[in-house]
Amino acid sequence: MKTFVPARRRARWLLAPICAALPCLALAQERIAQASLDTIVVTATRMPQPVGEVVSDITVIDRTMIERSGATGVVDVLRRVPGIEMSRAGGLGGTTSLFVRGAEMRFTPVYVDGVRFDSQATGGASWNVIPLAEVERIEVVRGPAAAVYGSDAVSGVVQIFTRKGEGPFSPFVTAGIGEHHTGRLGAGVQGTAEGFDYAASLTREVSRGFDAQPDGANPDRDGHRTTSGSLRLGWQPAEGHRLETSLLANDMSAQYDGFLGPVNDRARLRMHTAALNWTARWSERHTSRVSVSEGYDRYETEPSTYLTSTRVRTYLWQHEWRADRHLLTAALERREDRLHNVFNTPPRSRRWQDALALGYSWTDQTHTLQLHLRHDDDSEFGGETTGSLAYAYALNRHWRVSASAGTAFRAPTLYQRFSEYGKTTLRPESARNVEVGLNYSGDATTFGLVLYRNRLSDLIDFVSGPGPCPAGSGMFPGCYDNVGRAEYLGATLSATHRFAGINLNGSLDLQRPRNRDTDALLPRRARRHASLGLDTLVHGWTLGADAQLSSHRYDDPANTVRLGGYATLDLYASRRFRRDWTLLARVDNVGDKDHEFTRGYSTGGRTFYVELKWAPR
């Protein structure tokens, strides 16, 4: 029986943690959660715009922030961003999930230099195989963006950018060592010459790792080896025209603890993204872009035999027309998904989606209005139409309020439809989101508050037992079916402040990602989580600290297996010396706190990392 809580008590319960956190949050210079108003972003509307003209809830992470983090994976950087949580089974090579505003990772599409990267087996990107060493910049948009990107953009969009050539010829070399016999060596060049720009890099990383399951049947180290590289070339054949090609690739071999007892389980992961783009500025008002791209993801295991690979090919034409404060956009896009999976019948399956997207925005010193409408024609399900409306009003030069509403959908993966656990009659998952925001931007202080509610229908989940499943299911009785409803309800606070040479940053998330049918919390997501940090300059050294805090979570849908809350502290220091050299040192989980993201899997305890970089100026 549910206990009735009066409205005033419910309000005090919600506001108490907010009020308690405000003294810390008001003192923050947020290196990763806020971008300056003149920062150019691409992901919010799929075209370059100053972040001050975008209504979306957005975060920008640059290379300096990535290097200071000392992190080995993209998710380790993103988990410090407001509105984001992570879950991982062991070390870098373990299965990794990212939750944006409490939603499953399949509801957040990932793009690399504009290329869609996805797995049609698991749904969502394979986060553990994206090489952080080749990343220059990351943009995170929170909230539905299906009216711009189509299927899957239910809770947000993450776009990753590799290095781009600029300035004179500039080489660099990095070498680092760390806990668990970790070693990293990388090198690259970038620059411009006579209308060309270029950037290339190559990185090798090895680690003996740690025992992912200390209480498991296989007491071994679960290490990894990766070799990654990126290449980006640009050419301006004429004024206003630019041709660009980009390539990112990674080959990873990772040990993991499976279900076969004391055997050396190993996974081989490969990925690449490739694109060819042409951007043409025909006049001050007209700009168009044509793109052909491909993302590839492959996962294979031994001695257990499993193989799956996904290839996503995209063709995009986009045109924008500007007139004073008005901006009109139109886009035609075709996406082709191909899956090869040993459990599929037949092993190879494919589908396509054709789309038309329209956008309109208008802004002046006080008002910003953005409208988006998109229709996707799926080869399996027919038509899906999504839309969004966003409005922001500047109360004065410091304060701005905003509100938005949008719809989104996600088509079932090819694995969910055609594997031995599949069901061909699955319907797309659909969502409706509303949110309001309040932002303050001053010379030394910023503050943001976003309240959101996203309701999902026709949630696809695995159903045990025969039930609605077709005859002849796999070794585990059951199949995928549209059986659930979910709600992602929450508030995100973020703030920054700079004083006396100290930069402080903080964010707090209060959320309730729940199953609307059972009222249980969704697995591995906390009701409250926060991030606090600071950095300052002392005698040429940049010194910093980051703290991560989280309340308890549950490891299962029924909320019977509890994962305890945790608080960890990371410290780092960096210094440039002799002009061309930079030293970075970092200690993560200084207190050696024992905590789990997934039941039975270790997080590795206290770790250190030291890196030396040579980059002549």
Side-chain angles (χ1 to χ4, degrees), residues 35 37-58 60 109 111-116 139-154 156-159 161 240-244 275-293 314-335 353-364 367-377 383-392 402-409 433:
L37 295 180
D38 57 351
T39 300
I40 301 298
V41 295
V42 177
T43 309
T45 58
R46 221 171 189 176
M47 68 189 69
Q49 281 186 293
V51 71
E53 297 181 5
V54 174
V55 184
S56 303
D57 186 15
I58 192 167
V60 179
Y111 290 81
V112 179
D113 293 329
V115 183
R116 179 63 190 274
E139 293 182 4
V140 180
V141 173
R142 290 170 290 272
V148 177
Y149 289 93
S151 176
D152 307 356
V154 174
V157 177
V158 174
Q159 181 148 209
F161 299 91
H241 293 259
R242 175 178 172 81
L243 292 172
E244 182 180 81
L276 179 62
N277 305 306
W278 171 41
T279 303
R281 187 173 185 180
W282 305 106
S283 68
E284 291 294 326
R285 293 188 174 186
H286 297 275
T287 303
S288 60
R289 176 171 171 257
V290 177
S291 174
V292 179
S293 63
T314 306
Y315 307 88
L316 173 68
W317 171 86
Q318 183 168 314
H319 187 83
E320 62 182 70
W321 178 80
R322 298 177 181 270
D324 297 326
R325 299 184 178 94
H326 303 273
L327 173 63
L328 292 171
T329 63
L332 295 174
E333 184 174 22
R334 180 179 177 88
R335 169 181 162 182
Q353 292 175 349
D354 290 334
L356 168 65
L358 302 174
Y360 169 76
S361 65
W362 170 76
T363 183
D364 64 9
H367 306 274
T368 300
L369 175 67
Q370 293 179 343
L371 301 170
H372 291 280
L373 184 68
R374 177 174 170 131
H375 181 79
D376 287 85
D377 183 18
E384 288 284 344
T385 301
T386 51
S388 65
L389 168 63
Y391 172 74
S402 62
S404 65
T407 60
F409 80 101
N433 179 82

Please give me the minimum heavy-atom distance between [X] and [Y], naming the atom from each residue.
X	Y	result
G150	D376	CA-OD1, 3.7 Å
S56	A44	OG-CB, 4.0 Å
G114	Q159	N-OE1, 2.8 Å
S288	W282	OG-NE1, 2.8 Å
P48	I40	CB-CG2, 3.9 Å
A146	R374	O-CD, 3.4 Å

Rounded distance [0.5 Å steps], [atom1] in [X] versus [atom2] in [Y]:
X	Y	atom1	atom2	answer
L389	L369	CG	CG	6.5 Å
S361	H326	OG	NE2	9.5 Å
W321	T287	CH2	OG1	12.5 Å
H375	E384	NE2	CD	8.5 Å
S291	W317	OG	CH2	14.0 Å
L316	N277	CG	CG	8.5 Å

Requested in this report: With side chain to side chain contact (heavy atoms under 4.5 Å, CB included) as the test, would you mind laying out the steps for L332 and L356 before giving the verdict?
Outcome: CA-CA 5 Å; L332 295 174; L356 168 65; 3.7 Å; yes
Query raised in the report: Relative to the ring of W362, is the ring of H367 parallel (under 30°), tilted (30 to 60°) or perpendicular (over 60°)?
Result: parallel
Query raised in the report: Using 30° and 60° as the class limits, which term best fits the ring planes of H241 and W278: parallel, tilted or perpendicular?
Result: parallel
State, with a plain yes or no, whether a side-chain heavy atom of [X] is found less than 4.5 Å away from one of [Y].
X	Y	result
V60	V51	no
P109	R116	yes
T314	V115	no
E284	R322	no
L243	L276	no
D113	E244	no
T45	V148	no

Query raised in the report: If you measure from the Lys or Arg side-chain nitrogens to the Asp or Glu carboxylate oxygens, is any gap between R335 and E333 under 4.0 Å?
Result: no
Flag, side chain of [X] to backbone of [Y], donor-acceptor distance under 3.5 Å:
X	Y	answer
E139	V42	yes
T329	G359	yes
Y149	T43	yes
Q370	E53	yes
T407	G387	yes

Query - More than 12 heavy atoms of other groups within 6.0 Å of D364 CG - result: yes
